[in-house]
Amino acid sequence: MTNSRRRMPVRCGRASAEWLAFALAGAASLAASLLFFRQDRLLVRPDELGPWTRLAVMFLSAWVLLFVLGGWTLADLQRRRRARAAAARRRDAAQREQAERIELALAGADLGLWDWNLASGRREVNGRGASMLGYAPDEIDTVDAFYRDVHPEDVAPVRAALERHLRGEARRYEAEFRLRHRTRGWVWVHCRGKVIERDAAGRPLRLLGTRMDISARKQAEREIHHLACYDPLSTLPNRRLLLERLDAAAARAAREHRHGAVLLVDLDHFKAINDGLGHDAGDRVIRAVAARLRAAVRDGGSVARLGGDEFAVLLDALDADPAAALAQAAATGEELLRKLGRPHRVGKREVYATPSIGAALFGAGGGRAGDLLKQADLAMCAAKAAGRHALRFFDPAMQQRVAESALLEADLRAALGTGQFLLHYQPIVDAGLRILGAEALVRWQHPRRGMVRPDAFIALAERTGLIVPLGQHVMEQACAQLARWARQARTAAWTLSVNVSARQFRQPGFVERTLQTLARSGADPALLKLELTESALLEDIDDVAAKMQSLRAHGIRFSLDDFGTGYSSLSYLKRLPLCQLKIDRTFVQDAWCNASDAAIARAIIALAGSLGLEVVAEGVETAAQRDFLVASGCTVFQGYLFGRPVPALGDAALAA
Ligand code: C2E
Ligand code: MG
Ligand code: MG
């Protein structure tokens with residue numbers, strides 16, 4: 001705007017000068033003509049005036065015409081010139097506006113601008129672009145300096161992105177990389193650019209582009225990644241990051257013909273620390289375990305927390321020889337058992353969080369991280385089953401067992417409601433061989449496997465929750481049997497003992513369902529005995545006692561099964577409305593010849609007597625066992641000596 005104002009008077013002056021020159025030229029030529037006319041009148045005699053006057057008139061007319069045409073041409077010339085000047089002014093204004101807009105947009109987006117002359121190698125950066133790196137614009141100029149300031153890890157990808165664009169393979173050049181700041185380390189930038197000039201042969205001459213400081217975004221990304229991939233309590237990598245690393249390690253092991261191993265570490269009885277000492281104590285133990293793991297696996301491995309009390313150790317540089325790799329992994333596993341086996345100090349207490357470790361080896365065959373972790377998990381379960389605080393390696397037989405169990409589970413699901421589950425009855429007798437009742441024992445009449453004993457499927461049914469519908473089915477059949485016995489004088493007083501698993505008993509609505517089943521069958525509740533194992537009593541003793549009380553109020557009685565194999569505390573026993581203890585078969589079998597089993601059996605009989613409970617000896621197979629039990633004060637028996645479990649109980653069922 002200021003420029004055009006300055007140029008206006010100049011242009012006006014020029015036009016006036018042109019008009020002045022034109023007018024002067026006109027006036028001069030008019031004067032010359034008049035002079036000539038006068039001259040003509042002076043020199044020529046009056047009688048000769050005619051033709052000269054005509055000539056003068058013609059001359060004057062031509063002059064007037066020329067003068068008018070000249071004036072018109074000059075006016076047109078000036079008008080065109082003015083129009084051209086106005087168009088140029090508009091163009092200038094539009095360009096300036098455009099430039100202002102671009103500058104505004106660049107400033108708004110915080111973009112620096114760079115202009116790179118590829119022929120000379122000269123690079124110009126505007127103020128914002130330069131200040132991003134702590135420089136003035138004229139301080140950054142040559143290409144070499146640019147590459148010198150790119151982070152060494154980023155030089156190759158930046159060059160590659162640029163060359164792809166210069167070769168015409170990418171529509172524009174775009175890269176995110178780190179540039180050295182004058183004073184404060186590295187700055188992450190996002191660069192975009194495009195060739196804006198090429199020579200006749202199509203070779204790029206000039207590149208123009210922008211640069212944006214993305215350090216804040218990169219920092220946020222790092223924080224998000226940290227949150228997504230690290231466990232905040234232990235600061236160890238989490239399951240997600242471990243899976244990524246495990247996948248990479250397995251692929252590397254396959255490529256390089258080496259071995260690696262993943263060790264799954266689960267703390268034994270950690271729940272007891274959390275429940276007993278509080279979550280703060282639990283957190284301290286987790287942190288302490290993380291620190292010990294980190295210290296133990298300093299080189300050649302990484303540690304992760306998978307959640308809860310579960311950790312994983314990845315060893316990714318084991319020997320190429322499988323036996324040597326196994327030995328290396330075993331050595332690390334043993335070291336972890338030792339180091340984590342030591343107590344942790346929590347306040348004034350010493351607490352133990354011993355580990356059970358499952359390990360899976362990987363090598364030439366690679367393997368997917370999820371599968372390897374599953375294998376380590378199976379091995380860890382084997383370590384737990386072996387008594388905890390142990391190390392076990394995965395072997396394919398474990399997988400075979402899991403596959404079989406999965407098949408069995410599918411069969412079990414399908415079998416429910418198809419009438420494949422039957423009850424067998426084993427007599428319970430007194431010393432005079434009089435049948436007092438029986439225990440109902442479930443059998444699975446499998447279409448392919450034949451008769452399946454409960455040991456093969458009860459634990460699975462408990463794990464999967466299928467025990468709930470199965471237990472209900474058993475209860476219905478047992479109550480129906482009791483009602484049938486009630487119709488015959490000889491069997492009317494027999495009791496029937498039904499096994500109830502812990503999960504089934506804890507199920508909400510168990511009390512109501514059992515009472516409804518009994519009521520529907522018409523059986524006498526006083527003849528129904530529910531056999532609970534000690535595991536059913538372990539959790540929430542108040543709830544267990546309340547449930548037992550409400551069933552007891554309807555006449556149903558309770559027996560404690562497999563007594564001596566669990567962890568019942570005697571104070572619990574006093575709080576529960578029990579009427580019977582069953583001495584487990586393991587104590588009965590050798591009691592007649594083994595002093596410690598004999599002592600346990602006698603102690604259980606004495607304990608039952610002092611608590612006012614009836615005692616039943618299970619698994620009595622020989623007369624010697626029976627004689628010992630009778631001599632110890634036991635009056636009720638169950639075992640092959642008196643009768644095996646059979647589909648229908650009659651006189652013939654009594655073997656002795
Ligand atoms: P349990 O309740 O302790 O049942 C006694 C087990 O000992 C039965 O095994 C029985 O056949 C076996 N037995 C009895 N006398 C002798 C003997 O003289 N010698 C030997 N070696 N064994 C004897 P079974 O029928 O295989 O049942 C095993 C376990 O399965 C039962 O142990 C019980 O815990 C569970 N079970 C059976 N039926 C059911 C059921 O309907 N529901 C639930 N939840 N569990 C059941
Ligand atoms: Mg039983
Ligand atoms: Mg038993």
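The first residue in the sequence is number 1, and the count goes up from there. First listed ligand is number 1; within each ligand, the first listed atom is number 1. The analysis underlying the following values was restricted to heavy atoms, covering all of them including side chains, and did not include hydrogens, waters or symmetry mates.
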Check your understanding: Counting from 1, what ligand 1 atoms have a heavy atom of Glu439 closer than 4.0 Å?
Key -> 1 (P), 2 (O), 4 (O)

**Study point:** Heteroatom N/O/S of Glu531 within less than 2.8 Å of the Mg ion (ligand 3)
**Key:** no

**Study point:** Lys/Arg N to Asp/Glu carboxylate O, Asp371 vs Arg368, below 4.0 Å
**Key:** yes

Practice item. Using protein heavy atoms only, decide if any is under 4.0 Å from atom 42 (N) of ligand 1. Key: yes

Check your understanding: At a non-hydrogen distance cut-off of under 4.0 Å, which region of Asp455 contacts ligand 1 (side chain, backbone, both, or neither)?
Key -> side chain

**Study point:** the Mg ion (ligand 2) reached by Asn499 (N, O or S, under 2.8 Å)
**Key:** yes

Review point. Quick one: does Gln638 get a heavy atom under 4.0 Å from ligand 1?
Key: no

**Study point:** Side-chain ion pair, Asp542 and Arg575, N-O less than 4.0 Å
**Key:** yes

Practice item. Any atoms of ligand 1 less than 4.0 Å from a non-hydrogen atom of Ser501? List them with their elements. Key: 44 (N)

Check your understanding: What heavy-atom pair brings Leu496 and Ala440 nearest, and what distance separates the two atoms?
Key -> CD1-N, 3.9 Å

Review point. Taking Asp561 as the fixed residue, which of Leu530, Val500, Thr533 is the one that meets the side chain to side chain contact (heavy atoms under 4.5 Å, CB included) rule?
Key: Thr533

Review point. Closest to the Mg ion (ligand 3), which N/O/S atom of Asp562 is it?
Key: OD1

Point to revise | Heteroatom proximity flag, Glu462 to ligand 1, N/O under 3.5 Å | key: no

Study note, to complete from the structure: Within 4.0 Å of some non-hydrogen atom of Asp562, the atoms of ligand 1 are 3 (O)

**Study point:** Whether over 12 other heavy atoms sit under 6.0 Å from Trp592 CH2
**Key:** no

Check your understanding: With a 4.0 Å cut-off, would you call Glu614 and Lys529 a salt bridge?
Key -> yes

Exercise for review: Report yes or no: is the cationic atom of Arg644 (NZ for Lys, CZ for Arg) under 6.0 Å from the centre of the six-membered ring of Tyr640, at an angle within 45° of the ring normal?
Suggested key: yes

Check your understanding: Checking side chain to side chain contact (heavy atoms under 4.5 Å, CB included) against Arg305, which of Ile286, Val265, Val289, Asn238 comes through?
Key -> Ile286

Practice item. Identify the protein heavy atom lying closest to atom 15 (N) of ligand 1, giving its residue, its atom name and the separation to 0.1 Å. Key: Gln426 NE2, 2.9 Å

Review point. Should the pair Asp562-Lys582 be classified as a salt bridge under the 4.0 Å nitrogen-to-oxygen rule?
Key: no

Review point. Under a heavy-atom criterion of less than 4.0 Å, does Arg644 contact ligand 1?
Key: no

Point to revise | Check against side-chain hydrogen bond (donor to acceptor under 3.5 Å, both in side chains), Gln472 and Glu476 | key: CA-CA 6 Å; Gln472 175 60 22; Glu476 280 164 14; 2.8 Å; yes

Exercise for review: Output the distance between atom CD (Glu439) and atom OH (Tyr425), rounded to the nearest 0.5 Å.
Suggested key: 12.0 Å

Review point. What's the atom name of the N, O or S in Asp561 nearest to the Mg ion (ligand 3)?
Key: OD1

Check your understanding: Got a sec: is Asp584 within less than 2.8 Å of the Mg ion (ligand 3) via an N/O/S atom?
Key -> no

Study note, to complete from the structure: For Glu439, the N, O or S atom at the shortest distance from the Mg ion (ligand 2) is OE2

Point to revise | Heavy-atom closest pair, residues Arg602 and Phe628 | key: NH2-CE1, 3.5 Å

Exercise for review: To the nearest 0.5 angstrom, please state how far the CZ atom of Arg585 sits from the CG atom of Asp590.
Suggested key: 12.0 Å

Revision key, fill the gap. So for Glu618 against ligand 1, with non-hydrogen atoms under 4.0 Å, the contacting part is side chain

Check your understanding: N/O of Asn499 under 3.5 Å from N/O of ligand 1, yes or no?
Key -> yes

Check your understanding: Nearest heavy atom to atom 10 (C) of ligand 1: which of Asp561, Ile458, Leu423, Leu441 does it belong to?
Key -> Leu441

Review point. Tell me, which protein residue and heavy-atom name are nearest atom 7 (O) of ligand 1, and how many Å apart are they?
Key: Arg585 NH1, 2.9 Å

Exercise for review: Look at atom 38 (N) of ligand 1 and say which protein heavy atom is nearest, naming residue and atom and giving the distance to 0.1 Å.
Suggested key: Val442 N, 3.1 Å

Revision key, fill the gap. Output for pair (Leu293 CG, Lys339 NZ), nearest 0.5 Å, gives 10.0 Å

Review point. Quick one: does Arg453 get an N or O within less than 3.5 Å of an N or O on ligand 1?
Key: yes

Check your understanding: With a cut-off of 4.0 Å, which atoms of ligand 1 are near a heavy atom of Val474?
Key -> 41 (O)

Review point. Just going by heavy-atom distances, which of Glu621, His473, Arg503 is nearest to atom 20 (C) of ligand 1?
Key: Glu621

Exercise for review: Compute the minimum heavy-atom distance from Pro645 to ligand 1 and say whether it is under 4.0 Å.
Suggested key: yes

Check your understanding: Can you find an N/O atom of Leu641 closer than 3.5 Å to an N/O atom of ligand 1?
Key -> no

Exercise for review: Return the residue, atom name and 0.1 Å-rounded distance of the protein heavy atom closest to atom 27 (O) of ligand 1.
Suggested key: Pro454 CG, 3.3 Å

**Study point:** Interfacing atoms of ligand 1 (cut-off 4.0 Å, heavy-atom, Arg443)
**Key:** 11 (O), 25 (O)

Exercise for review: Identify the protein heavy atom lying closest to atom 18 (O) of ligand 1, giving its residue, its atom name and the separation to 0.1 Å.
Suggested key: Tyr640 N, 2.8 Å

**Study point:** Pair Gln426-Gln638, side-chain donor/acceptor within less than 3.5 Å
**Key:** yes

Point to revise | Six-ring centre of Phe505, Lys547 cation under 6.0 angstrom, axis tolerance 45° | key: yes

